[in-house]
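Comments concern the structure below.
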Amino acid sequence: MLDIMKGIRVLEVAEHTFVPAASGVLADWGADVIKVEHAVRGDAMRGLAQTGAVSFATNVHVLNEHSNRGKRSIGIDLTKPGGLEVVYKLAETSDVFLTNKTLPVLEKLKIGIDEIRQRNPKIIYTRGTAFGTRGPDAQKGGYDFTAYWSRAGSAANCTPRGADGIIGQPGPAYGDSIGGMTIAGGIAAALLKRERTGEPSVVDVSLFSTGMWAAGPAMAMSLQSGQPLSPPPLGAHGAVTNPLVGTYRTKDDRFLSLVMLQAFAYFADFCRHIDRSELIDDPRFATAEKLAENASDVVEVLREVFPTKTLAEWTERFQTLRGQWAPVQNSLEVAADPQARAMGYVAAATTADGTPFELPASPVQFDEEPTPTRRSPDFNEHSDEVLQEIGLDMEQIIELRVAGAVT
(Lines give C-alpha, C1' and ligand atoms only; values in the text may rest on other atoms or scores of the structure.)
Protein backbone atom coordinates (compact mmCIF):
# COMPACT_ATOMS: atom_id res chain seq x y z
CA MET A 1 0.00 0.00 0.00
CA LEU A 2 1.21 3.50 -0.79
CA ASP A 3 1.65 6.11 1.94
CA ILE A 4 0.69 9.16 -0.15
CA MET A 5 -2.52 9.58 1.86
CA LYS A 6 -1.48 7.80 5.02
CA GLY A 7 -3.38 9.27 7.97
CA ILE A 8 -6.33 10.45 5.85
CA ARG A 9 -9.66 8.86 6.74
CA VAL A 10 -12.53 8.80 4.25
CA LEU A 11 -16.09 8.02 5.33
CA GLU A 12 -18.06 6.71 2.36
CA VAL A 13 -21.86 6.45 2.27
CA ALA A 14 -22.30 5.37 -1.34
CA GLU A 15 -22.87 2.41 -3.63
CA HIS A 16 -22.54 1.23 -7.22
CA THR A 17 -19.36 2.56 -8.93
CA PHE A 18 -19.22 6.32 -9.58
CA VAL A 19 -18.40 7.52 -6.07
CA PRO A 20 -17.00 4.26 -4.63
CA ALA A 21 -14.43 4.24 -7.44
CA ALA A 22 -13.13 7.56 -6.11
CA SER A 23 -12.48 6.23 -2.63
CA GLY A 24 -11.09 3.05 -4.17
CA VAL A 25 -8.38 5.20 -5.74
CA LEU A 26 -7.81 7.00 -2.45
CA ALA A 27 -7.47 3.63 -0.70
CA ASP A 28 -4.84 2.61 -3.25
CA TRP A 29 -3.02 5.83 -2.37
CA GLY A 30 -3.01 4.91 1.32
CA ALA A 31 -6.17 6.46 2.77
CA ASP A 32 -8.22 4.61 5.37
CA VAL A 33 -11.63 4.28 3.72
CA ILE A 34 -14.58 3.20 5.85
CA LYS A 35 -17.43 2.05 3.63
CA VAL A 36 -20.89 2.34 5.17
CA GLU A 37 -23.16 -0.23 3.54
CA HIS A 38 -26.88 -0.95 3.72
CA ALA A 39 -27.41 -2.89 6.92
CA VAL A 40 -29.11 -5.87 5.23
CA ARG A 41 -28.07 -6.14 1.57
CA GLY A 42 -24.84 -4.16 1.55
CA ASP A 43 -23.79 -2.15 -1.50
CA ALA A 44 -26.24 -2.85 -4.33
CA MET A 45 -23.23 -3.70 -6.51
CA ARG A 46 -22.78 -6.89 -4.51
CA GLY A 47 -26.05 -8.19 -5.91
CA LEU A 48 -25.26 -7.41 -9.55
CA ALA A 49 -24.36 -10.71 -11.19
CA GLN A 50 -24.44 -9.75 -14.86
CA THR A 51 -23.77 -6.76 -17.09
CA GLY A 52 -25.05 -6.93 -20.64
CA ALA A 53 -24.50 -10.48 -21.88
CA VAL A 54 -21.53 -11.10 -19.59
CA SER A 55 -22.02 -12.96 -16.31
CA PHE A 56 -19.48 -12.60 -13.53
CA ALA A 57 -21.25 -14.58 -10.82
CA THR A 58 -18.04 -16.25 -9.68
CA ASN A 59 -16.11 -16.28 -6.43
CA VAL A 60 -14.46 -13.00 -7.46
CA HIS A 61 -16.93 -10.17 -8.09
CA VAL A 62 -14.58 -8.07 -10.19
CA LEU A 63 -16.88 -5.06 -10.58
CA ASN A 64 -17.22 -4.83 -6.82
CA GLU A 65 -13.46 -5.25 -6.48
CA HIS A 66 -12.80 -2.49 -9.01
CA SER A 67 -14.49 0.23 -6.99
CA ASN A 68 -14.09 -1.05 -3.42
CA ARG A 69 -10.44 -2.09 -3.31
CA GLY A 70 -8.66 -1.63 -0.02
CA LYS A 71 -11.62 -0.42 2.06
CA ARG A 72 -13.12 -1.44 5.39
CA SER A 73 -16.83 -2.30 5.52
CA ILE A 74 -19.50 -1.77 8.14
CA GLY A 75 -23.25 -2.29 7.79
CA ILE A 76 -25.30 0.54 9.31
CA ASP A 77 -29.02 1.35 9.21
CA LEU A 78 -29.07 5.14 8.94
CA THR A 79 -32.81 5.23 9.54
CA LYS A 80 -32.25 4.08 13.12
CA PRO A 81 -31.13 6.76 15.62
CA GLY A 82 -28.33 4.54 16.88
CA GLY A 83 -27.06 3.93 13.35
CA LEU A 84 -27.13 7.62 12.49
CA GLU A 85 -25.21 8.43 15.67
CA VAL A 86 -22.53 5.91 14.64
CA VAL A 87 -22.17 7.69 11.30
CA TYR A 88 -21.85 11.03 13.09
CA LYS A 89 -19.17 9.61 15.39
CA LEU A 90 -17.29 8.25 12.38
CA ALA A 91 -17.56 11.66 10.72
CA GLU A 92 -15.93 13.23 13.79
CA THR A 93 -12.81 11.15 13.13
CA SER A 94 -12.79 11.53 9.33
CA ASP A 95 -11.14 13.98 6.95
CA VAL A 96 -13.56 13.40 4.08
CA PHE A 97 -17.26 12.54 3.85
CA LEU A 98 -18.11 11.02 0.48
CA THR A 99 -21.57 10.19 -0.85
CA ASN A 100 -23.62 9.66 -4.00
CA LYS A 101 -27.02 9.77 -2.35
CA THR A 102 -29.43 12.16 -4.06
CA LEU A 103 -30.17 15.48 -2.37
CA PRO A 104 -33.63 14.40 -1.13
CA VAL A 105 -32.15 11.22 0.36
CA LEU A 106 -29.35 13.15 2.08
CA GLU A 107 -31.97 15.40 3.63
CA LYS A 108 -34.14 12.46 4.66
CA LEU A 109 -31.23 10.56 6.23
CA LYS A 110 -29.94 13.72 7.96
CA ILE A 111 -26.44 13.41 6.49
CA GLY A 112 -26.35 16.67 4.53
CA ILE A 113 -23.59 19.24 4.79
CA ASP A 114 -25.00 20.99 7.85
CA GLU A 115 -25.53 17.80 9.86
CA ILE A 116 -22.09 16.37 9.11
CA ARG A 117 -20.32 19.71 9.58
CA GLN A 118 -22.08 20.18 12.91
CA ARG A 119 -20.14 17.18 14.19
CA ASN A 120 -16.93 17.94 12.29
CA PRO A 121 -16.57 21.53 11.02
CA LYS A 122 -13.30 20.73 9.24
CA ILE A 123 -14.51 17.77 7.22
CA ILE A 124 -14.35 17.92 3.42
CA TYR A 125 -17.87 17.15 2.23
CA THR A 126 -17.94 15.49 -1.19
CA ARG A 127 -20.94 14.70 -3.39
CA GLY A 128 -21.03 12.73 -6.60
CA THR A 129 -24.30 13.39 -8.41
CA ALA A 130 -25.86 12.67 -11.77
CA PHE A 131 -26.44 16.26 -12.91
CA GLY A 132 -25.13 18.59 -10.21
CA THR A 133 -26.68 20.26 -7.17
CA ARG A 134 -28.45 23.23 -8.79
CA GLY A 135 -30.84 23.62 -11.68
CA PRO A 136 -33.99 21.76 -12.75
CA ASP A 137 -32.45 18.27 -12.50
CA ALA A 138 -30.52 18.68 -9.25
CA GLN A 139 -32.67 16.16 -7.41
CA LYS A 140 -32.60 13.50 -10.12
CA GLY A 141 -30.50 10.37 -10.04
CA GLY A 142 -28.79 8.78 -13.00
CA TYR A 143 -26.16 6.39 -14.27
CA ASP A 144 -23.13 6.92 -16.44
CA PHE A 145 -24.92 5.65 -19.56
CA THR A 146 -27.60 8.31 -19.14
CA ALA A 147 -25.82 11.30 -17.61
CA TYR A 148 -22.22 10.84 -18.80
CA TRP A 149 -22.50 9.00 -22.10
CA SER A 150 -25.85 9.97 -23.57
CA ARG A 151 -26.77 13.40 -22.24
CA ALA A 152 -23.23 14.84 -22.20
CA GLY A 153 -22.63 14.18 -25.88
CA SER A 154 -20.28 11.19 -26.19
CA ALA A 155 -22.92 8.81 -27.55
CA ALA A 156 -23.85 11.18 -30.37
CA ASN A 157 -20.23 12.11 -31.02
CA CYS A 158 -19.23 8.43 -31.39
CA THR A 159 -22.12 7.26 -33.53
CA PRO A 160 -21.39 7.36 -37.29
CA ARG A 161 -23.90 9.05 -39.53
CA GLY A 162 -26.42 6.59 -40.84
CA ALA A 163 -25.81 4.03 -38.11
CA ASP A 164 -28.79 1.92 -37.10
CA GLY A 165 -28.77 2.84 -33.41
CA ILE A 166 -26.48 4.55 -30.93
CA ILE A 167 -22.97 3.40 -30.04
CA GLY A 168 -22.83 2.27 -26.41
CA GLN A 169 -20.14 2.87 -23.82
CA PRO A 170 -16.90 0.90 -24.28
CA GLY A 171 -17.65 -1.13 -21.15
CA PRO A 172 -19.49 -1.23 -17.83
CA ALA A 173 -18.94 1.66 -15.42
CA TYR A 174 -16.94 3.54 -18.06
CA GLY A 175 -18.11 7.03 -17.16
CA ASP A 176 -18.31 6.01 -13.50
CA SER A 177 -14.61 5.14 -13.42
CA ILE A 178 -13.55 8.36 -15.14
CA GLY A 179 -15.83 10.32 -12.84
CA GLY A 180 -14.42 8.53 -9.81
CA MET A 181 -10.90 9.51 -10.75
CA THR A 182 -12.11 13.10 -11.14
CA ILE A 183 -13.60 13.05 -7.65
CA ALA A 184 -10.35 11.65 -6.22
CA GLY A 185 -8.45 14.56 -7.76
CA GLY A 186 -10.95 17.05 -6.34
CA ILE A 187 -10.60 15.57 -2.87
CA ALA A 188 -6.81 15.71 -3.10
CA ALA A 189 -7.00 19.40 -4.03
CA ALA A 190 -9.41 20.11 -1.17
CA LEU A 191 -7.11 18.36 1.31
CA LEU A 192 -4.21 20.52 0.11
CA LYS A 193 -6.30 23.68 0.51
CA ARG A 194 -7.33 22.68 4.03
CA GLU A 195 -3.73 21.96 4.98
CA ARG A 196 -2.61 25.39 3.75
CA THR A 197 -5.55 27.53 4.86
CA GLY A 198 -7.37 25.47 7.48
CA GLU A 199 -10.60 25.86 5.48
CA PRO A 200 -12.56 22.79 4.35
CA SER A 201 -14.33 22.66 1.00
CA VAL A 202 -17.49 21.18 -0.39
CA VAL A 203 -16.49 19.16 -3.45
CA ASP A 204 -19.08 18.47 -6.15
CA VAL A 205 -18.58 16.33 -9.25
CA SER A 206 -21.37 15.08 -11.49
CA LEU A 207 -21.45 12.46 -14.20
CA PHE A 208 -22.87 15.14 -16.48
CA SER A 209 -20.01 17.58 -15.83
CA THR A 210 -17.41 14.83 -16.25
CA GLY A 211 -18.98 13.78 -19.53
CA MET A 212 -18.99 17.38 -20.76
CA TRP A 213 -15.32 17.73 -19.83
CA ALA A 214 -14.44 14.50 -21.66
CA ALA A 215 -16.22 15.83 -24.76
CA GLY A 216 -14.94 19.35 -24.14
CA PRO A 217 -12.88 19.92 -27.31
CA ALA A 218 -15.77 18.79 -29.51
CA MET A 219 -18.18 21.02 -27.60
CA ALA A 220 -15.81 23.99 -27.87
CA MET A 221 -15.62 23.48 -31.64
CA SER A 222 -19.40 23.34 -31.83
CA LEU A 223 -19.78 26.51 -29.79
CA GLN A 224 -17.38 28.26 -32.16
CA SER A 225 -18.94 26.97 -35.37
CA GLY A 226 -22.57 26.85 -34.30
CA GLN A 227 -22.81 23.29 -35.61
CA PRO A 228 -22.94 19.98 -33.71
CA LEU A 229 -20.11 17.53 -34.20
CA SER A 230 -20.92 15.40 -37.23
CA PRO A 231 -19.10 12.03 -37.23
CA PRO A 232 -18.38 10.57 -40.66
CA PRO A 233 -20.44 7.64 -41.96
CA LEU A 234 -19.34 4.17 -40.87
CA GLY A 235 -16.31 3.13 -42.90
CA ALA A 236 -15.52 6.60 -44.15
CA HIS A 237 -12.05 8.09 -43.76
CA GLY A 238 -12.75 10.97 -41.37
CA ALA A 239 -9.53 12.94 -41.91
CA VAL A 240 -10.22 14.06 -45.46
CA THR A 241 -6.84 15.78 -45.94
CA ASN A 242 -4.65 13.32 -44.04
CA PRO A 243 -4.38 9.65 -45.08
CA LEU A 244 -2.20 8.88 -42.05
CA VAL A 245 -4.97 9.60 -39.55
CA GLY A 246 -7.59 6.88 -39.31
CA THR A 247 -8.09 3.13 -38.98
CA TYR A 248 -7.33 0.45 -41.54
CA ARG A 249 -8.52 -3.16 -41.73
CA THR A 250 -5.91 -5.92 -41.74
CA LYS A 251 -5.85 -9.39 -43.31
CA ASP A 252 -7.40 -11.01 -40.23
CA ASP A 253 -10.22 -8.45 -39.98
CA ARG A 254 -8.50 -6.51 -37.22
CA PHE A 255 -7.62 -2.82 -37.30
CA LEU A 256 -4.63 -0.52 -37.03
CA SER A 257 -5.00 3.06 -35.85
CA LEU A 258 -2.79 5.78 -37.36
CA VAL A 259 -2.49 9.28 -35.91
CA MET A 260 0.34 11.08 -37.73
CA LEU A 261 -0.85 14.65 -37.64
CA GLN A 262 2.12 15.90 -39.70
CA ALA A 263 1.52 13.48 -42.54
CA PHE A 264 4.19 14.73 -44.92
CA ALA A 265 6.90 14.60 -42.24
CA TYR A 266 6.25 10.88 -41.77
CA PHE A 267 5.21 9.95 -45.29
CA ALA A 268 8.53 8.68 -46.66
CA ASP A 269 9.30 6.53 -43.63
CA PHE A 270 5.76 5.20 -43.63
CA CYS A 271 5.91 4.26 -47.31
CA ARG A 272 9.12 2.31 -46.73
CA HIS A 273 7.49 0.37 -43.88
CA ILE A 274 4.60 -0.73 -46.09
CA ASP A 275 6.91 -1.61 -49.04
CA ARG A 276 5.52 1.14 -51.25
CA SER A 277 8.61 3.33 -51.65
CA GLU A 278 7.48 4.38 -55.12
CA LEU A 279 4.88 6.63 -53.50
CA ILE A 280 7.63 8.81 -52.06
CA ASP A 281 8.53 10.23 -55.48
CA ASP A 282 4.99 10.25 -56.82
CA PRO A 283 4.32 13.87 -57.94
CA ARG A 284 0.82 13.69 -56.43
CA PHE A 285 2.41 13.55 -52.98
CA ALA A 286 5.55 15.62 -53.54
CA THR A 287 4.66 18.37 -51.03
CA ALA A 288 2.56 18.66 -47.91
CA GLU A 289 -0.05 20.60 -49.87
CA LYS A 290 -0.24 18.02 -52.65
CA LEU A 291 -0.42 15.15 -50.16
CA ALA A 292 -3.41 16.87 -48.52
CA GLU A 293 -5.06 17.51 -51.89
CA ASN A 294 -4.64 13.88 -52.95
CA ALA A 295 -5.20 12.22 -49.57
CA SER A 296 -8.01 10.05 -50.94
CA ASP A 297 -5.58 8.47 -53.43
CA VAL A 298 -3.30 7.40 -50.57
CA VAL A 299 -6.26 6.09 -48.59
CA GLU A 300 -7.23 3.92 -51.54
CA VAL A 301 -3.71 2.48 -51.71
CA LEU A 302 -3.58 1.82 -47.96
CA ARG A 303 -6.92 0.04 -48.07
CA GLU A 304 -5.32 -2.35 -50.52
CA VAL A 305 -2.00 -2.69 -48.67
CA PHE A 306 -3.11 -3.29 -45.08
CA PRO A 307 -5.27 -6.36 -45.88
CA THR A 308 -2.14 -8.14 -47.15
CA LYS A 309 -0.86 -8.78 -43.61
CA THR A 310 -2.32 -9.66 -40.23
CA LEU A 311 -2.47 -7.27 -37.31
CA ALA A 312 0.36 -9.18 -35.62
CA GLU A 313 2.53 -8.88 -38.73
CA TRP A 314 1.92 -5.14 -39.06
CA THR A 315 2.52 -4.69 -35.33
CA GLU A 316 5.91 -6.36 -35.63
CA ARG A 317 6.84 -4.42 -38.74
CA PHE A 318 5.82 -1.06 -37.30
CA GLN A 319 8.06 -1.33 -34.24
CA THR A 320 10.55 0.92 -36.05
CA LEU A 321 7.99 3.28 -37.57
CA ARG A 322 8.65 6.93 -36.67
CA GLY A 323 5.02 7.99 -36.71
CA GLN A 324 2.32 7.38 -34.11
CA TRP A 325 0.18 4.27 -34.46
CA ALA A 326 -1.45 1.56 -32.36
CA PRO A 327 -3.08 -1.81 -32.81
CA VAL A 328 -6.79 -1.76 -31.99
CA GLN A 329 -6.84 -4.23 -29.09
CA ASN A 330 -9.60 -5.98 -27.20
CA SER A 331 -9.78 -6.05 -23.41
CA LEU A 332 -7.84 -9.31 -23.02
CA GLU A 333 -5.10 -8.09 -25.33
CA VAL A 334 -4.76 -4.85 -23.39
CA ALA A 335 -4.35 -6.78 -20.14
CA ALA A 336 -1.55 -8.82 -21.74
CA ASP A 337 0.12 -5.87 -23.49
CA PRO A 338 3.87 -5.97 -22.72
CA GLN A 339 3.90 -2.22 -22.13
CA ALA A 340 1.01 -2.45 -19.65
CA ARG A 341 2.82 -5.24 -17.81
CA ALA A 342 6.14 -3.43 -17.82
CA MET A 343 4.53 -0.35 -16.26
CA GLY A 344 2.54 -2.31 -13.70
CA TYR A 345 -0.79 -1.14 -15.08
CA VAL A 346 -2.35 -4.48 -14.04
CA ALA A 347 -2.32 -5.10 -10.30
CA ALA A 348 -2.56 -8.41 -8.46
CA ALA A 349 -4.83 -9.03 -5.49
CA THR A 350 -6.16 -11.97 -3.49
CA THR A 351 -9.63 -12.59 -2.07
CA ALA A 352 -10.19 -13.32 1.62
CA ASP A 353 -10.12 -17.05 0.88
CA GLY A 354 -6.86 -16.79 -1.06
CA THR A 355 -8.17 -16.75 -4.63
CA PRO A 356 -5.82 -14.67 -6.80
CA PHE A 357 -7.16 -12.23 -9.36
CA GLU A 358 -6.02 -9.15 -11.28
CA LEU A 359 -7.42 -5.66 -11.76
CA PRO A 360 -6.38 -2.58 -13.71
CA ALA A 361 -4.25 -0.52 -11.35
CA SER A 362 -5.08 3.05 -10.39
CA PRO A 363 -3.62 5.11 -13.25
CA VAL A 364 -1.49 7.52 -11.20
CA GLN A 365 1.98 6.35 -10.17
CA PHE A 366 4.19 7.94 -7.53
CA ASP A 367 7.99 7.83 -7.40
CA GLU A 368 8.18 5.69 -10.54
CA GLU A 369 6.58 2.68 -8.87
CA PRO A 370 3.44 0.75 -9.88
CA THR A 371 0.39 1.45 -7.73
CA PRO A 372 -0.52 -1.70 -5.76
CA THR A 373 -4.03 -2.62 -4.73
CA ARG A 374 -5.82 -4.77 -2.17
CA ARG A 375 -9.03 -6.76 -2.20
CA SER A 376 -12.39 -5.24 -1.40
CA PRO A 377 -13.87 -6.05 2.01
CA ASP A 378 -16.49 -8.68 2.64
CA PHE A 379 -19.79 -7.14 3.68
CA ASN A 380 -19.56 -5.83 7.26
CA GLU A 381 -16.12 -7.39 7.65
CA HIS A 382 -14.75 -4.63 9.87
CA SER A 383 -17.79 -3.75 11.98
CA ASP A 384 -16.34 -4.54 15.41
CA GLU A 385 -12.98 -2.88 14.86
CA VAL A 386 -14.50 0.27 13.35
CA LEU A 387 -17.00 0.62 16.18
CA GLN A 388 -14.33 0.06 18.80
CA GLU A 389 -12.19 2.75 17.18
CA ILE A 390 -14.89 5.32 17.95
CA GLY A 391 -14.97 4.27 21.60
CA LEU A 392 -17.76 1.71 21.76
CA ASP A 393 -17.32 -1.39 23.91
CA MET A 394 -18.77 -4.81 23.09
CA GLU A 395 -21.82 -4.29 25.29
CA GLN A 396 -22.71 -1.11 23.38
CA ILE A 397 -22.05 -2.82 20.06
CA ILE A 398 -24.38 -5.69 21.00
CA GLU A 399 -27.07 -3.19 21.97
CA LEU A 400 -26.78 -1.52 18.57
CA ARG A 401 -27.05 -4.88 16.84
CA VAL A 402 -30.12 -5.86 18.83
CA ALA A 403 -31.70 -2.54 17.86
CA GLY A 404 -30.89 -3.19 14.20
CA ALA A 405 -28.78 -0.03 13.97
CA VAL A 406 -25.64 -1.90 12.89
CA THR A 407 -25.09 -5.30 11.37
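Just so you know, these numbers come straight off a predicted model, no measurement behind them. In this chain, residues are counted from 1 in sequence order.
Here the side chains of I34 and D32 are in contact, with some heavy-atom distance below 4.5 Å. Using a 4.5 Å heavy-atom cutoff, the side chains of R127 and L106 are in contact. The shortest side-chain heavy-atom distance between L78 and V87 falls under the 4.5 Å cut-off. Within the 4.5 Å cutoff, no side-chain heavy atoms of N120 are placed close to those of F97.
Scanning for side-chain hydrogen bond (donor to acceptor under 3.5 Å, both in side chains) contacts around E358 gives R341, with sequence neighbours left out. In terms of the side-chain contact (heavy atoms from CB on, under 4.5 Å) criterion, residue partners of S209 (sequence neighbours excluded) are, by chain and number, V205, S206. Partners of T355 by side-chain contact (heavy atoms from CB on, under 4.5 Å), not counting sequence neighbours, listed by chain and number: N59, V60, T351, D353. By the side-chain contact (heavy atoms from CB on, under 4.5 Å) test, A14 pairs with E12, V19, P20, N100, sequence neighbours left out.
For NZ of K251, the number of neighbouring non-hydrogen atoms (other residues, nucleotides, ligands) closer than 6.0 Å is 12 at most. Under a cut-off of 6.0 angstrom, the local environment of CD in E107 is sparse, with at most 12 non-hydrogen atoms contributed by other residues, nucleotides or ligands. Atom CD of Q118 sits in a sparse spot, with 12 or fewer heavy atoms from other residues, nucleotides or ligands closer than 6.0 Å. No more than 12 heavy-atom neighbours from other residues, nucleotides or ligands sit within 6.0 angstrom of CD on E395. Counting heavy atoms of neighbouring residues, nucleotides and ligands inside a 6.0 Å radius, atom CD of Q224 does not exceed 12 of them. Within 6.0 Å of atom CD in Q324, more than 12 heavy atoms from other residues, nucleotides or ligands are found, so the atom counts as buried in its surroundings. Within a 6.0 Å radius of CD in Q319, more than 12 heavy atoms belonging to other residues, nucleotides or ligands are found. Other residues, nucleotides and ligands contribute more than 12 heavy atoms inside 6.0 Å of the CZ atom of R161.
Between the CD1 atom of I74 and the CD1 atom of I390 there is a distance of 7.0 Å, given to the nearest 0.5 Å. To the nearest 0.5 Å, the span separating OG1 on T250 from NZ on K309 amounts to 12.0 Å. Taking CH2 of W149 as the reference point, atom CG of N157 lies at 8.5 Å (rounded to 0.5 Å).
Under 3.5 Å, the side chains of T407 and N380 contain no donor-acceptor pair of N or O atoms.
In this structure, R151 is positioned above the aromatic face of F208, its NZ or CZ under 6.0 Å from the six-membered ring centre and within 45° of the axis.
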Go through the steps for D393 and Q396 under the test side chain to side chain contact (heavy atoms under 4.5 Å, CB included), then give the verdict.
-> CA-CA 5 Å; D393 57 32; Q396 293 170 307; 3.2 Å; yes
Go through the steps for E65 and S376 under the test side chain to side chain donor-acceptor pair (under 3.5 Å), then give the verdict.
-> CA-CA 5 Å; E65 295 288 344; S376 69; 3.1 Å; yes
Using atom types as modelled, flag every donor-acceptor pair under 3.5 Å from a side chain in residues 232-241 to any protein atom, sequence neighbours excluded.
residue: H237; atom: NE2; partner: N242; partner atom: O; Å: 3.0
residue: H237; atom: NE2; partner: V245; partner atom: O; Å: 2.9

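Remark: side-chain polar atoms of D252 are not paired, donor with acceptor, to backbone N or O of T310 under 3.5 angstrom. In this structure, H273 contributes its side chain and R322 its backbone to no donor-acceptor pair below 3.5 Å. T371 places a side-chain N or O within donor-acceptor distance of the main-chain N or O of V364, the cut-off being under 3.5 Å.
Of the residues listed (W325, Y248, Y266), the one engaging F318 in a ring pair (Phe, Tyr, Trp, His ring centres under 6.0 Å) is W325, and it is the only one. A salt bridge (charged side-chain N to carboxylate O under 4.0 Å, His left out) with E15 holds for exactly one of R46, K35, R41; it is R41.
Pairs passing the ring-ring contact (aromatic ring centres under 6.0 Å, His included) check and including a residue from residues 338-389, sequence neighbours excluded, read W29-F366.
Minimum heavy-atom separation, V305 to T308: O-OG1, 2.6 Å. Nearest heavy-atom pair, V33 versus S23, reported as atom, atom and distance to 0.1 Å: CG2-O, 3.5 Å. Of all non-hydrogen atoms in I178 and T210, the two that sit nearest each other are CG2-CG2, 3.9 Å.
Taking 4.0 Å as the cut-off between side-chain N and carboxylate O, E333 and R254 count as a salt-bridged pair. Looking at R375 and E381, a side-chain N of the basic residue comes within less than 4.0 Å of a carboxylate O on the acidic one, giving a salt bridge. We find that D204 and R134 are not joined by a salt bridge, their nearest charged nitrogen and carboxylate oxygen being 4.0 Å or further apart. By the 4.0 Å N-to-carboxylate-O rule, R119 lies close enough to E85 to be salt-bridged with it.
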